[in-house]
Amino acid sequence: MAINPEQFGAGLGDSVRRHRTGLVVGGLIGLFSGGLFGLVFGAGIGFMLDRWLKGSLRRFNPREAFFRATFSVMGKIAKADGRVTENEIQYARDVMARMNLDQNRREEAIGLFNDGKHENFDIADVLRPLSAMIRYNVPLKLMFVEIQLQAAMSDGSISPAELAVVRQVCQLLMMTEREVAALIARMQAQQAYGEHSFSGHQQGYAEPQLLKDAYGVLGVEESASDSEVKKAYRRLMSQHHPDKLVAKGLPAEMMQLAKEKTQEIQAAYDRVKNTRKAA
């Protein structure tokens, strides 16, 4: 394969820029200890050490682990039933757009998504490190799985193959079957609530169906008491609070996704609360 000189030069320049600290420090140490030869040798060693250290720090950084797992697992789910649909691709693009990624970060996300589509990609490789870092961090686990469930539902429903991947994700994140079942039900209700809010008035079933969906978003039955409804609402709002999630390890770029979650929860709670007040 022919090498594009411009691309090679740009890539080399970017690599030197990112690892210039190691290059300079190593070069100076080499210069004082070995002259011109030491300068060249030390700069090379410093460059390699700087690249290795930064790579290691990224691998063991919860935010980086979350980012990498998000898009690679999303690719795995999209390919789970054999074909990546346009809706699934568009969902990934929408997530990237809502995260306001710069060009380099966007290209990284696309590369991770494509990696996940490979037949031999093992999600355990990205989820085991993430799971170790967020083992006791329930809100981050929920946020991660919610993003993946939305990816699975982006073409209208979850196929058995997609559901199998989602369950594997939850197992690797050490979530119980009860937690998984409750989360799937809540996410399905949330999707239905959004769809019915958009088209309900034209189809004539708006309020009864929307109210049912709203209870589902909160994860409670319609027979729940006012205190139970409020407790569920407060728990969900606390779990999805953007600032708290970022403090716990959510990539800062994903704050907008968390904000949207709290808006959806708030809208569902307001509908339930207002309906009960009017009764």
Hey, can you pull the donor-acceptor pairs under 3.5 Å for the side chains in residues 176-185, sequence neighbours left out?
from   : atom 1 : to     : atom 2 : distance (Å)
Thr176 : OG1    : Glu179 : N      : 3.1
Thr176 : OG1    : Glu179 : OE1    : 3.4
Glu177 : OE1    : Arg167 : NH1    : 3.0
Glu179 : OE1    : Thr176 : N      : 2.9

**Prompt:** Is it true that the side chains of Tyr193 and Gln209 contain a donor and an acceptor less than 3.5 Å apart?
**Reply:**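 Not at all, the side chains of Tyr193 and Gln209 share no donor-acceptor pair under 3.5 Å.
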**Prompt:** Any side-chain donor-acceptor pair under 3.5 Å between Gln150 and Glu146?
**Reply:**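 The criterion, which ignores hydrogens and geometry beyond distance, is not satisfied for Glu146 and Gln150.
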Ignoring hydrogens and geometry, is there a side-chain-to-backbone donor-acceptor pair from [X] to [Y] under 3.5 Å?
X: Gln191; Y: Gln188; value: no
X: Glu107; Y: Asn104; value: no
X: His240; Y: Leu236; value: yes

**Message:** Looking at Arg128, I'd like to know if its CZ atom is crowded, meaning that more than 12 non-hydrogen atoms belonging to other residues, nucleotides or ligands lie closer than 6.0 Å.
**Reply:**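 No.
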**Message:** Which heavy atom of Ala232 sits nearest to which heavy atom of Leu218, and what is that distance?
**Reply:**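 The pair with the smallest heavy-atom distance is CB-O, 3.6 Å.
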Side chains of residues 136-143: which donor-acceptor partners sit under 3.5 Å, not counting sequence neighbours?
from   : atom 1 : to     : atom 2 : distance (Å)
Asn137 : OD1    : Leu140 : N      : 3.4
Asn137 : ND2    : Lys248 : O      : 3.2
Lys141 : NZ     : Arg135 : O      : 2.8
Lys141 : NZ     : Leu173 : O      : 2.8

Show every donor-acceptor pair shorter than 3.5 Å between a side-chain atom in residues 114-121 and any protein atom, with sequence neighbours excluded, or say none if there are none.
from   : atom 1 : to     : atom 2 : distance (Å)
Asn114 : OD1    : Lys117 : NZ     : 3.2
Asn114 : ND2    : Ile110 : O      : 3.3

Ion pair present between [X] and [Y], side-chain N to carboxylate O less than 4.0 angstrom?
X: Arg68; Y: Glu108; answer: yes
X: Arg105; Y: Glu253; answer: yes
X: Arg93; Y: Glu86; answer: yes

**Request:** Supply the atom-to-atom distance Ser238 OG to Tyr233 OH, rounded to the nearest 0.5 angstrom.
**Result:**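 Those atoms lie 11.0 Å apart.
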